[in-house]
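Reading through the structure tokens given below for one structure.
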Amino acid sequence: MKSTNVLINLSKITKDYVTEDITTNVLKGISLVVNKGDFIAITGRSGSGKSTLMNIIGVLDIPTSGTYILNNVDVSKMEEDELAFVRNKEIGFVFQSFNLLNRASALENVILPSIYAGVKPSERHDRAVKILKDLGLQDKMNNRPNQLSGGQQQRVAIARALMNNPELILADEPTGNLDTKSGQDVMNILKNLNNQGKTIVLITHEADIAKHAKKIIHIEDGKLIH
Amino acid sequence: METQELIRISFRAILSNKLRSFLTTLGIIIGVFAIILLVSIGAGLQSYITNQIEGFGSNLIFLIPGRIGGARTPGGQSSNKLLISDTKTIQLKLKNMASVAPIVQQISTVKYKNKTDKGVSIMGTTSNYIKTVKNALVEKGSFFNFAQEQSGAKVATIGESVKTNLFGNNNPIGKKVYISNNTYTVIGVMKKRGAIFGIDQDNIIIVPVAAAQQQFGLTHINAAYIAVNNQNQIADVKDKVSKILLKRLSEDDFTLQTAESSLSIVANVTNVLQIALGGIAAIALLVGGIGVANIMLVSVTERTKEIGLRKALGAKRSDILKQFLLEAVILSLSGGIVGIILGLTASYILSLFLVSQVTPFSIILAFGFSVMIGIIFGMAPAIRASKLNPIDALRYE
């Protein structure tokens, strides 16, 4: 029944947080299938469990119960270093606050994931240069993040997400820190990537942004509302 | 992650906080500097004393009257029972194994023309002396020979200080000097030996023992040098000399010392000194290491978000651990290298007017210490960094 076309298969995922004897059920049984080539938006108010779901999809965290099959591999009970390997290979992250290293140039920031993947220096350099060129940043490669505009910084972050050629791009409020024009540019890039076959999962609380996706899923109080 | 990349990241992190990094390494610099310098002083002292002792010759047995730690007369002086004839007996019996140079000494006044030198040590010995005592060298002229020794000729080889006092810059060879009221012909000048523990070793006149014996009526020796022909026989000769002397004397009447036995005492003392000095310096280094640990903890906290990001992008625990550990080691090692350079410079300057000797051991010690300090004090912060949860770290503001 496992179709090779399925990228993400979440089944009855729960996540509890325990703080000082008080257990909070943040996710209350989430099941979700995302096919390769999908572009879905997950929306919800803050406190709805949206971020927790993103952490689990991005294998930054493991669920309390339920199974998560990512690209035909069960990642729901993996150890920390195995999760790091999966993140490195399968997922490209785009964060709201860009999360670029300020001491490194745009090019070095883009190269970073491929260093952890063990790609050879000459090969990773060439690949990063090509991706940056494709995103129109050929003049900014040696600039530090603080010498770039917000829109440019987010494009560098997208380039970084593409570096290890992952199946999944996971974008967490990618336009949250950008003006309307730059935000529009970023969404267009994501759409383009989707057209080239990348699976995109977009987390946002803005309806205007969510409508760029092919499918919108709403999360409320730890449950999905289709 | 490859090492080259790790080193690059570490250097970038260190250089991005130049002042802070410098102040941190300063602790290590001072510690390593102190180790190099203090160990050098210890080693210099040891080598200085060792050289002085070895200058007498490592094949040498030193015979002195009385027993160290033995019976003394009520005056505190041990009564001297060693006779000049004893040394003659020894020389006769061991003539194929060793040469004996007895030393008799008398303080006297020496005159040349209108100049007077008071309190000169007149030393009577045999012609063996010059080949027996390694650092006794003739600078100018000659030492008396066997024939002059036997006949008790009134010839003198004078020390550097006596020469300066009586002759200034003039050539003393062939000149006649008065020792008390006897006339001696100067035949040579000894090479300068300097002062040892404040005693001028050059305020001396060396004459044949028979001459001194005759002039001052001496019968007892102050000491005797016994040079062994084959160094391997030193224990054997010492034993034989002891047996010869015991026929006439008791064990309390004489002591036989070798350079080796004196050296081992010196080595013991200076080793303790070096360990003590090194220990003090190690404490300074320890304090420097705490500084490294402190700044690495600050660095980990400051870069929590970076750690989270690296983990999100695929860094394993070990990648983060190595990154921060290497940073601590580079910080501490660069302090170590600067400390070694400063320590070597200071030791060199010190060696120009005091004793100081740099040993490769102290450099290796300092180098090893600074790497170890980096690892030990960098470990806890690095482990803390590697254990950070990527979600919490990413969210950290």
Side-chain angles (χ1 to χ4, degrees), chain A residues 15 17 26 51-62 78-105 108-121 124-125 144-145 157 160-164 166 170 172, chain B residues 1-21 295-296 298-324 326-327 330-331 382-397:
Chain A
K15 183 69 185 176
Y17 285 109
V26 183
S51 295
T52 304
L53 182 59
M54 191 219 90
N55 289 339
I56 285 174
I57 292 174
V59 298
L60 288 161
D61 205 353
I62 55 169
M78 278 189 169
E79 294 297 322
E80 200 186 308
D81 279 356
E82 296 173 296
L83 294 175
F85 180 79
V86 171
R87 287 194 294 269
N88 186 250
K89 291 272 180 261
E90 305 283 0
I91 303 166
F93 288 93
V94 180
F95 302 98
Q96 175 174 1
S97 52
F98 323 133
N99 282 348
L100 299 172
L101 296 181
N102 285 323
R103 286 197 291 267
S105 70
E108 287 167 324
N109 268 292
V110 174
I111 286 173
L112 196 56
S114 63
I115 291 174
Y116 290 117
V119 179
K120 273 187 288 180
R124 67 195 185 209
H125 177 267
R144 299 280 183 91
R160 182 179 65 192
L162 295 169
M163 189 61 194
N164 284 350
L170 188 58
D172 181 16
Chain B
M1 191 175 207
E2 62 262 44
T3 316
Q4 200 192 333
E5 193 62 31
L6 279 173
I7 291 172
R8 222 169 53 87
I9 293 172
S10 302
F11 268 108
R12 175 175 280 168
I14 289 166
L15 293 177
S16 69
N17 273 307
K18 287 194 188 69
L19 180 63
R20 194 170 85 181
S21 300
I295 218 67
M296 286 312 295
V298 172
S299 180
V300 168
T301 307
E302 272 180 358
R303 285 149 71 193
T304 300
K305 204 161 184 177
E306 174 190 328
I307 295 162
L309 173 75
R310 286 180 182 276
K311 284 198 160 188
L313 298 183
K316 294 189 191 61
R317 272 190 179 187
S318 60
D319 291 320
I320 302 295
L321 185 84
K322 279 188 231 161
Q323 182 186 332
F324 283 91
L326 191 73
E327 195 175 313
I330 289 176
L331 207 56
I383 288 176
R384 173 186 261 205
S386 76
K387 279 188 176 165
L388 283 175
N389 179 336
I391 306 167
D392 297 339
L394 269 174
R395 226 180 268 150
Y396 184 89
E397 291 301 334

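This one's a predicted model, so the numbers in the text were calculated from it and none came from an experiment. All chains are named by letter (A, B, ...) in the order of the sequence lines, taking the proteins before the strands, and each is independently numbered beginning at 1.
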(Q) If you count heavy-atom pairs within less than 4.5 Å of chain A, which of B:Ala315, B:Gly308, B:Ser16, B:Pro390 leads? (A)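 Looking at each of B:Ala315, B:Gly308, B:Ser16, B:Pro390 in turn, B:Ala315 comes out on top.
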
Q: Under 4.5 Å heavy-atom distance to chain B, tell me which part of A:Leu112 shows up: side chain, backbone, both or neither.
A: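 When you check distances to chain B, only side chain atoms of A:Leu112 fall under 4.5 Å.
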
Q: Counting only heavy atoms closer than 4.5 Å, note whether A:Ala117 contacts chain B via side chain, backbone, both or neither.
A: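 For A:Ala117, neither part sits under 4.5 Å from chain B.
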
Q.
I need the minimum non-hydrogen distance between A:Glu108 and B:Arg8, along with the two atoms involved.
A.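 Smallest interatomic distance, heavy atoms only, reads OE2-NH1, 2.9 Å.
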
Q) Closest approach of A:Asn99 and B:Leu309, non-hydrogen atoms and distance? A)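 It is O-CD2, 3.0 Å.
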
Can you find a heavy atom in the side chain of [X] that is under 4.5 Å from one in the side chain of [Y]?
X        : Y        : answer
B:Leu313 : A:Met163 : no
A:Ile111 : B:Glu5   : no
B:Arg395 : A:Asn55  : yes

Could you state the interatomic distance from [atom1] ([X]) to [atom2] ([Y]), rounded to the nearest 0.5 Å?
X        : Y        : atom1 : atom2 : value
A:Arg103 : B:Leu15  : CZ    : CG    : 10.0 Å
A:Asp81  : B:Asp319 : CG    : CG    : 8.0 Å
B:Ile320 : A:Tyr116 : CD1   : OH    : 4.5 Å
A:Leu83  : B:Lys316 : CG    : NZ    : 12.0 Å

Q: Using a cut-off of under 4.5 Å on heavy-atom pairs, state which of A:Leu101, A:Asn164, A:Val86 scores highest against chain B.
A: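 The residue among A:Leu101, A:Asn164, A:Val86 with the greatest pair count is A:Leu101.
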
Q.
Name the residue from A:Glu80, A:Glu82, A:Glu79 that meets the salt bridge (Lys or Arg N to Asp or Glu O under 4.0 Å) definition with B:Arg317.
A.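 The salt bridge (Lys or Arg N to Asp or Glu O under 4.0 Å) with B:Arg317 is passed solely by A:Glu80 among A:Glu80, A:Glu82, A:Glu79.
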
Q) Can you say whether B:Lys305 sits under 4.5 Å from chain A via the side chain, the backbone, both, or neither, judging by heavy atoms? A)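 The answer is the side chain of B:Lys305.
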
Q: Measure B:Arg303 against the heavy atoms of chain A and call it side chain, backbone, both or neither at under 4.5 Å.
A: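 Answer is side chain: those atoms of B:Arg303 sit under 4.5 Å from chain A.
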
Q | A:Tyr17 OH: over 12 foreign heavy atoms closer than 6.0 Å | A |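 Atom OH in A:Tyr17 is crowded, with more than 12 foreign heavy atoms closer than 6.0 Å.
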
